[in-house]
Asker: 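Sending over a structure as structure tokens; questions will come in a sec.
Both counts, for ligands and for their atoms, begin at 1 and track the order of listing.
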Amino acid sequence: MSGAGDVGADAARVLARCDEVAALSSRPDGIERVHLTPEHAAVNRLVAGWMAEAGLRTWQDAAGNLCGRLEGPVPGAPALLLGSHLDTVPDAGRYDGVLGVLLAVAAVQRLRETGAALPFALEVVAFTDEEGTRFGTALLGSRALAGTWDPAWWSLTDADGTTLREAASAFGLDPGAVGDAARSPGELVGYLEAHIEQGPLLEDADRALGVVTSIAGARRFSCTVTGEARHAGGTPYDRRRDALCAAAEVVLLVERTARARGVIATVGRLEVSPGAVNVVPGRVELSVDLRAEHDAHRDAVWEELRAGAERLCAARGCGFAAHEHHSADGVACAPALRDAVRRGIAATGDTDPPELFSKAGHDAMALATLTDVAMLFVRCAGGISHAPEESVRADDVAAALDALTAAVLAVAADRATHPAPVR
Ligand code: GLV
Ligand code: MN
Ligand code: MN
């Protein structure tokens, strides 16, 4: 980009900042940064400093999202939002979400330095709680901004029994004011998110960047298998109602069914009670994460899974119950913004970038109820994510920075020829 500094140097700074953010962790042996914790406050402070350096006016919104704004030629004009999230899963990598936020800050800084005349404001939003690690329900920050906050969420509890309401107050937020975080469609031009792919397709295709076509809809359940805790020595097999044996069958049913029906399902958490070597397990809690390109297909597979799990458990004298704690419908990226991302990548020399369907969830899903969304994917090594081994190439990050910056210019060019879309 003419007028802006060396993109390689800016990308190196983005990567160095990802390292600095990674140091803000609640655990000494890895990365964990979750909603409404001291690490959340610290990362917002750190990134706010970088946003201010880039020329953005910053504030933390009523939901705990960090926002930064660069006005366009007309103060108060609608904004193109760029962003991703700063929270993590347990024992996370350093790029999931964080890279997208820091690329957005760097892109805005480059656009400002070149004096690019944009017909809209630019905002970077660093969302909190995309992952749902602490309270189980994901996308809390982006749903607050989208105006789809559900007051029932205030009663969600974390592993220590602290409610979301208590945690928000302790963090310094006013639960009664969460509606202030909501934006209206008229304030926005759209939302662009850069993110690591979290899968191996770009690497397998030997490509740095890709255009996201749609994002999988996800549902998450907390399931309980109830049997009977009995003496591990004295209880004959024909009198056992072993909840763990039943749960093991459920885990395998989930994988078998998902593979056969072309959806993605994972049991990632299993908790056995009472969890003693000499007691037949009386109760098992297990999680099910279910994703598919089409919501109706995902929902039909869930009904099949639930009925199958009930049957398997009943055959062992156990009960099966499921509680849904997260649901996000699949989202299609908006054709015009998606094309702007394609043109952004084309500006880096890849004139026919690959198109990918995202199997991972993103803040863009929540924002799609509010405004047009599109996403740019960046290759990650081995397709590995949600693990400390997450890694990206410096030259890919430089290409992503160029592409994101060029995508913003493409949106501006579209806006000049076709004024504000009506939603
Ligand atoms: C978010 O990272 C997800 O689980 O898809
Ligand atoms: Mn993630
Ligand atoms: Mn993410």
Asker: Does one side chain, of H85 or D96, offer a donor that lies under 3.5 Å from an acceptor on the other?
Answerer: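 Yes, a side-chain donor-acceptor pair sits under 3.5 Å.
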
Asker: For R259, I'd like to know if atom CZ has over 12 heavy atoms of other residues, nucleotides or ligands within 6.0 Å.
Answerer: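 Not more than 12 within 6.0 Å, no.
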
Asker: Checking S385 against E390: is there a side-chain donor and acceptor pair closer than 3.5 Å?
Answerer: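 A pair is found: one side chain offers a donor N or O, the other an acceptor, under 3.5 Å apart.
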
Asker: Tell me yes or no: between the side chains of T128 and H35, is some donor less than 3.5 Å from an acceptor?
Answerer: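 Indeed, the side chains of T128 and H35 share at least one donor-acceptor pair under 3.5 Å.
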
Asker: Would you say the Mn ion (ligand 3) has H362 as a near neighbour, meaning an N/O/S atom of that residue under 2.8 Å away?
Answerer: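 Given the 2.8 Å cut-off, H362 does not count as a ligand of the Mn ion (ligand 3).
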
Asker: For the aromatic rings, using the six-membered ring if either is Trp, is the centroid distance between F171 and H40 under 6.0 Å?
Answerer: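 Yes: the rings meet the under 6.0 Å criterion.
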
Asker: So, 2.8 Å as the limit: is an N/O/S atom of E131 located closer than that to the Mn ion (ligand 3)?
Answerer: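 Coordinating: no.
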
Asker: Looking only at N, O or S atoms, which one in D96 sits nearest to the Mn ion (ligand 3)?
Answerer: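 Answer by atom name: OD1.
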
Asker: Quick check: does H386 have an N/O/S atom under 2.8 Å of the Mn ion (ligand 2)?
Answerer: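 So H386 counts as coordinating the Mn ion (ligand 2), yes.
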
Asker: Does a side-chain heavy-atom distance below 4.5 Å link L122 with R69?
Answerer: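 They are not in contact (no side-chain heavy atoms under 4.5 Å apart), so the answer is no.
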
Asker: Are F377 and H362 close enough that their ring centers fall under 6.0 Å?
Answerer: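 Centroid separation for F377 and H362: below 6.0 Å.
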
Asker: Taking any residue with a non-hydrogen atom under 4.0 angstrom from an atom of ligand 1, which ones do you get?
Answerer: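 Near ligand 1, by chain and number: E130, E131, R220, R291, A360, G361, H386.
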
Asker: Evaluate the side-chain proximity of W50 to L56: yes if any heavy-atom separation is below 4.5 Å, no if none is.
Answerer: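 With C-beta onward as the side chain, the pair stays apart.
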
